[in-house]
Chemist: 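My questions will all concern the structure given below.
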Amino acid sequence: MDFSAASVARRRFLAFGMPVALALTLAGAPLEASAAPVVYLDHGHPVRERVEDLLARMSLDDKIGQMVQPERRSIEPADVARFRIGSVLSSGGSAPSPNNARSWADMYDGYQRAALGTPLRVPMMYGVDAVHGHNNVVGATIFPHNIGLGATRDPELVRRIGAATAEEMTGTGADWNFAPCVCVVRDDRWGRTYESFGEVPGLPSAMTTVIEGLQGRSLGDGPTSVLATAKHFVGDGGTDGGDDQGDMRVPEAELRAVHLPPFREAVRRGVGSVMASYSSWNGVKLHRNRYLITEVLKRELGFTGFVVSDYNGIDQIDGEPGFTRAEVAAAVNAGIDMVMVAQRWREFIDDLRAAVQGGEVPMSRIDDANRRILAQKFRLGLFERPLADRRYLATVGGAAHRALARRAVAASQVVLKNDDDVLPLDRDDEKIFVAGRSADDIGRQSGGWTITWQGAPGATTPGTTILEGIRQVAGKGRTVTYAEDGAGVDRSYDVAIAVVGERPYAEYKGDRTDDLRLSGTDLKTIDRLRAADIPVVVVLVSGRPLDVTSELRHWDGFVASWLPGTEGAGVADVLFGDTAPSGRLPVSWPRSAAQEPINAGDGKTPLFPLGAGQPYEDG
Ligand code: BGC
């Protein structure tokens, strides 16, 4: 380190861009009367020293405040200041009104100014689920969901998507992303299948490059570095029956072989936080599993960041609704450092204080949690750049990001059937008929975690639908006719494209216990196209493989499109052959729901194996 007088003087002027003593006076903070440098406010000091200096100044209430994360709808900026709150979150779909990038930045700054108005002026962090782009914000670029990114087999592309997402977040202030989900999906009936990069640990592990995209080479690497979160620790994709928040009944060796590796890789890449899973392992809720959180994640894998609980996750520890002081103590003692307590955060604060005073939670655990949280705030540069960086507002939904998303969509298309080379669509195919409920619907093609928590059909945010993409790429010389239900199709058309699939859903509500088949409406639409006796290509917009076994033989072409997001033209790029299909299945495609769980190497014969995906003949 440089200890020269000049360097020390310069460092003293670095805190918030003004002399430390002056900065403290302006904030009205009775921190120190003297002009002696305040170590923690001076970014010239190593993070470790800044953390210790700050910690020594904090009361128990200051420390407990850092450990709680309320939801924005249940906290005003004044309470962030009063209770020294360390972080606030937007849960899925929780947005300021009007929902646009600028009002997000205003909201963020409102909370942050309140946090900075406290005596110690510790900035808060704002957490969002930007799981496929900054997806709560109307107008943001929506990238394909992880299952589609797994199909690309392109970790560098995924890193760039992380960097683009971080830029869009930065413009709105949000500095903490509850992503990536590095779950290994083992049963496609699970409603979060699409949040997984794939069914074998190597796929999510390879795609942890997204962490580098979000954070940079290390936290605070440049102005758009945001904190990433590897979730959900551990085994969320391995629950019995694909039951969301259910129980993973496997021996430790299997947990370590299948579900742990992506976390090891995320830690190796320096992920700043890890979120505990709602699920259980052999009957024990992860939220109270000290062995896995403290012994395995923190000690064995060497994770030095902090662990956040899932949304009201501590409520589930004892199986009764709500939380008790015992559950608070169990979670914190297990190694959870920040607790996402959406609404009842005041009670949480009282419970944790009482638990510390009653000796149920040692002070050393509180200090450890604070060290972990504060270190990330210092590393992120939050003390130096606490407010939204509005220079990046224009990147939200900007052309460069949409072009990147379109490339990702094209790279994620998996061609599974292509009889008589029906694809790519021919230059001679002058009349194209498009049908299906997912053809002209941004909401359906984006899926869950888009503007709202569960997502919704309809024009929920600006983008290009798959139909619009087909029209664009088809160009002027061709006729593209669309009818959602296929009405009007006849033999005069050269080819028909049915864009069908699932209605948007997210966690919990998206679990399927049925036969995983296409809906009656979709089947009817496809039948109508087939009746015209022209080649039919089915484009499936879904968060998981569906049972298409009995229908497939009637289709000439079949493309798994996953949940592409706002840039539907990427689907058309592959249909017309402007981009060669390179997507490969990230999961085994079952013959029927009865085959679930089905995974590579388990001896079952799927309809299409992991890795399936055809190139075009001349491609
Ligand atoms: C989900 C998490 C998410 C959190 C905050 C929970 O319901 O399980 O993945 O990060 O909500 O929105």
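Remember, predicted model here, so these are calculated numbers, not experimental data. Numbers here simply count residues along the sequence, with the first being 1. Any value given below was found using the heavy atoms of this structure, including those in side chains, with hydrogens, waters and symmetry copies removed. Whatever order the structure lists them in is the order used to number ligands and atoms, beginning at 1.
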Chemist: Using non-hydrogen atoms of the residue, decide whether Arg192 is closer than 4.0 angstrom to ligand 1.
Modeler: yes
Chemist: Could you say whether the N/O atoms of Glu507 and ligand 1 ever approach to under 3.5 Å?
Modeler: yes
Chemist: In terms of residue, atom name and distance, what is the protein heavy atom nearest to atom 3 (C) of ligand 1?
Modeler: Asp129 OD1, 3.1 Å
Chemist: Verify whether one side chain among His401 and Glu168 offers a donor that lies under 3.5 Å from an acceptor in the other.
Modeler: yes
Chemist: In this structure, does ligand 1 have an atom that sits under 4.0 Å from one of the heavy atoms of His232?
Modeler: yes
Chemist: Do any N/O atoms on Lys231 end up under 3.5 angstrom from N/O atoms on ligand 1?
Modeler: yes
Chemist: Strictly by modelled atom types, are Ser273 and Gln376 linked by a side-chain donor-acceptor pair under 3.5 Å?
Modeler: no
Chemist: Among Thr172, Thr224, Asp175, Thr170, which residue satisfies the side-chain contact (heavy atoms from CB on, under 4.5 Å) criterion with Asp389?
Modeler: Thr170
Chemist: Ignoring angles and geometry beyond distance, decide whether Ser90 reaches within less than 3.5 Å of ligand 1 through its nitrogen or oxygen atoms.
Modeler: no
Chemist: Decide whether the shortest distance between a heavy atom of Tyr278 and an atom of ligand 1 is less than 4.0 Å.
Modeler: yes
Chemist: Using a 4.0 Å cut-off to any heavy atom of Met275, which atoms of ligand 1 qualify?
Modeler: 2 (C), 10 (O)
Chemist: Students often mix this up, so state it plainly: with edges at 30° and 60°, are the rings of Tyr108 and Tyr126 parallel, tilted or perpendicular?
Modeler: perpendicular
Chemist: Between Glu502 and Arg512, is the closest basic N to carboxylate O distance under 4.0 Å?
Modeler: yes
Chemist: Considering only non-hydrogen protein atoms, determine which one is nearest to atom 8 (O) of ligand 1 and report residue, atom name and distance to 0.1 Å.
Modeler: Asp310 OD2, 2.6 Å
Chemist: State, to 0.1 Å, how close Gly237 and His259 come at their nearest heavy-atom pair, and which atoms those are.
Modeler: C-CE1, 4.0 Å
Chemist: Less than 4.0 Å between a side-chain N and a carboxylate O, is that true for Arg344 and Asp350?
Modeler: no
Chemist: For ligand 1, which atoms have a heavy atom of Phe178 less than 4.0 angstrom away?
Modeler: 10 (O)
